[in-house]
Amino acid sequence: MATSMDLFRQLGAGAKFDLRRFKSDAEKFQVIRRTGKQLPQQDIIKALDIFGNSKRSSDETKENSKKKQKVSVGERSGTDNQDNLKGPGRPEKIKAIRKRNRIHVQGEDIPDPVETFEELQEEYGLHDDIIQNIMRVGYAAPTPIQMQAIPVLLHRRELLACAPTGSGKTAAFLLPILHQLKGPQKKGFRAVVVSPTRELSQQTYRELMRLSEGSGLRIHTIEHGAKAAQKFGPHTAQKFDILVTTPNRLVYLLQQDPPAIKLNHVEWLIIDESDKLFEEGKTGFRDQLGIIYQACDSSQVRRAMFSATFAYDVEQWCRLNLDNVVTVSIGARNTANDRIEQELIFVGSESGKLLAVRNLFSKGFTPPVLVFVQSKERAKELFQELIYDGYNVDVIHADKTQTQRDNIVKGFRAGKIWVLIATELMGRGIDFKGVNLVINYDFPTSAVSYIHRIGRTGRAGLKGRAVTFFTEDDAVHLRSIANVMRNAGCPVPDYMLQIRKLSKRKKKLVEKNPVRRDTIRTLPKDELRKAKRKT
DNA sequence: AAAAAAG
């Protein structure tokens with residue numbers, strides 16, 4: 001176990017996040033397609049064999065890849081049939097659809113995109129109840145990521161997908177899973193969705209419940225490790241179909257002796273916010289993900305990765321370890337959602353931030369507003385400041401109990417909380433309807449973090465606004481965020497783009513050691529300390 | 001720095 005874990009970790013080591021690669025994005029796609037950087041089949045087998053000391057025997061692996069080759073041949077003839085049906089000119093039409101929707105694809109024998117849900121029904125026989133659920137929840141037409149990713153997954157192809165914040169990624173993986181699992185079975189879980197926070201897991205779970213109505217599928221989350229062990233253990237009737245969870249809870253169940261959950265019948269492993277879950281290091285998610293990956297040891301298992309940001313090491317990993325992977329990205333990679341109006345405000349100092357935020361609020365604002373800070377401590381401090389200002393403000397971070405967290409999210413969704421102060425906990429995936437302002441009270445430590453944070457606004461085609469405070473101390477990060485803004489068409493002063501670029505080494509260092517900031521405080525020191533203890 | 005299991 002330990003050896004394969006180490007290997008899992010090593011796979012991406014040495015591959016660094018390289019911003020230059022994203023700059024000339026269009027060119028890059030073409031270069032890769034022309035030179036066909038696809039790995040030869042032998043290398044894929046070798047790469048798969050890295051996990052040879054796990055339960056999957058190398059014989060099985062070989063047999064598996066033979067089977068997979070057959071599948072892809074079948075798919076090719078399937079596409080030809082489509083061509084015959086639609087007549088000549090079909091490839092041009094497909095190209096045009098992709099171009100119009102900014103869909104970029106890489107890989108072999110990629111299924112055609114579909115522009116309507118009806119087409120999905122006609123060509124793939126998407127179940128009536130799913131179509132009904134789609135209509136009931138109010139999806140009119142597939143978003144670009146759904147147009148391309150859903151057919152790919154319906155063909156049971158492994159996928160790496162990248163699409164802007166708020167552009168419908170969740171439904172893009174939920175719908176094909178629902179279609180393929182059909183109805184309930186008693187094998188144990190057949191699909192697992194992993195996401196980095198409990199709040200995101202809950203949200204995905206709720207969405208899945210809405211979309212699966214009438215299917216009879218049994219969908220679960222892990223709410224309490226010990227209770228879940230009772231529920232899912234080997235001596236139960238295994239009447240479960242889909243599991244939505246954060247990684248560590250699942251790892252906990254897997255590592256019980258005997259394991260309190262079996263994943264040997266999992267047909268779909270979905271890694272949401274994949275770049276986050278691939279994060280390495282003592283405190284990263286990567287080891288946990290490795291354990292889950294290995295536990296899904298069926299020869300039938302298919303995996304799909306989704307995120308709004310694209311990490312080079314995740315791509316490399318997918319090329320090596322997934323079977324004939326398809327890559328789909330919408331628009332240029334690692335760009336902000338372009339429905340968000342972005343703004344940078346120089347505030348001078350910490351006290352300048354308090355003034356600026358009060359000034360912003362005093363001008364009048366439309367709730368709900370989301371305010372991001374850099375640490376739990378600072379979240380508590382800012383809350384102590386704003387609580388007296390007369391708005392309905394609350395604060396969320398991982399020091400709160402789960403019940404508190406649930407209630408705060410509920411309150412914010414219900415409009416009872418106008419201003420929610422949050423750590424990075426709320427940074428990814430969370431879909432609060434109609435957040436029209438995100439304030440980065442503390443400057444995010446990376447462009448990736450910035451893209452996700454501001455992506456809490458401007459969702460599902462709505463407009464959004466993001467305001468980011470910065471002080472002199474934030475100068476090191478200014479350039480990369482200014483770049484993101486400019487790429488999204490937001491005006492940025494030239495001097496920001498001319499700031500000297502950090503070396504890769506230094507950039508990593510700076511990300512790991514965030515700027516030290518003065519306490520947010522107008523109260524006397526000990527009063528603040530007392531107050532913080534209570535929250 | 002933050003997040004992720006209970007306890």
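Bear in mind the structure is a predicted one, so any value in this text is a computation, not a measurement. Residue numbering restarts at 1 for every chain, and letters A, B, ... go by the order of the sequence lines.
- A salt bridge is defined here as a Lys NZ or Arg NE, NH1 or NH2 lying under 4.0 Å from an Asp or Glu carboxylate O, and A/E199 with A/R405 meets this definition.
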The dot-bracket string of DNA chain B, counting Watson-Crick and G-U wobble pairs with both distances under 3.5 Å, using [ ] for crossing pairs and | for pairs to another strand, is .......

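- For the residue pair A/Q288/A/Y252, the side-chain donor-acceptor check at 3.5 Å is not satisfied.
- With hydrogens and angles left out, the side-chain atoms of A/Q202 and A/T204 include no donor and acceptor closer than 3.5 Å.
- When only modelled atom types and interatomic distance are considered, A/S201 and A/S195 share a side-chain donor-acceptor pair under 3.5 Å.
- Residue A/S449 is tested with A/R428, A/Q374, A/K276, A/E424 for a side chain to side chain donor-acceptor pair (under 3.5 Å); the sole match is A/E424.
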Contact string for nucleotides 1-7 of chain B, one letter per nucleotide 5' to 3', B = base within protein heavy-atom range under 4.0 Å, S = sugar-phosphate only, - = neither, reads BBBBBSS

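- Using bins of under 30°, 30° to 60° and over 60° for the plane-to-plane angle, the ring pair A/F432/A/F412 lands in the perpendicular bin.
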Any chance you could lay out the ring pair (Phe, Tyr, Trp, His ring centres under 6.0 Å) test for A/H220 and A/Y205, step after step, and finish with the verdict?
CA-CA 8 Å; A/H220 292 269; A/Y205 170 80; 8.1 Å; no

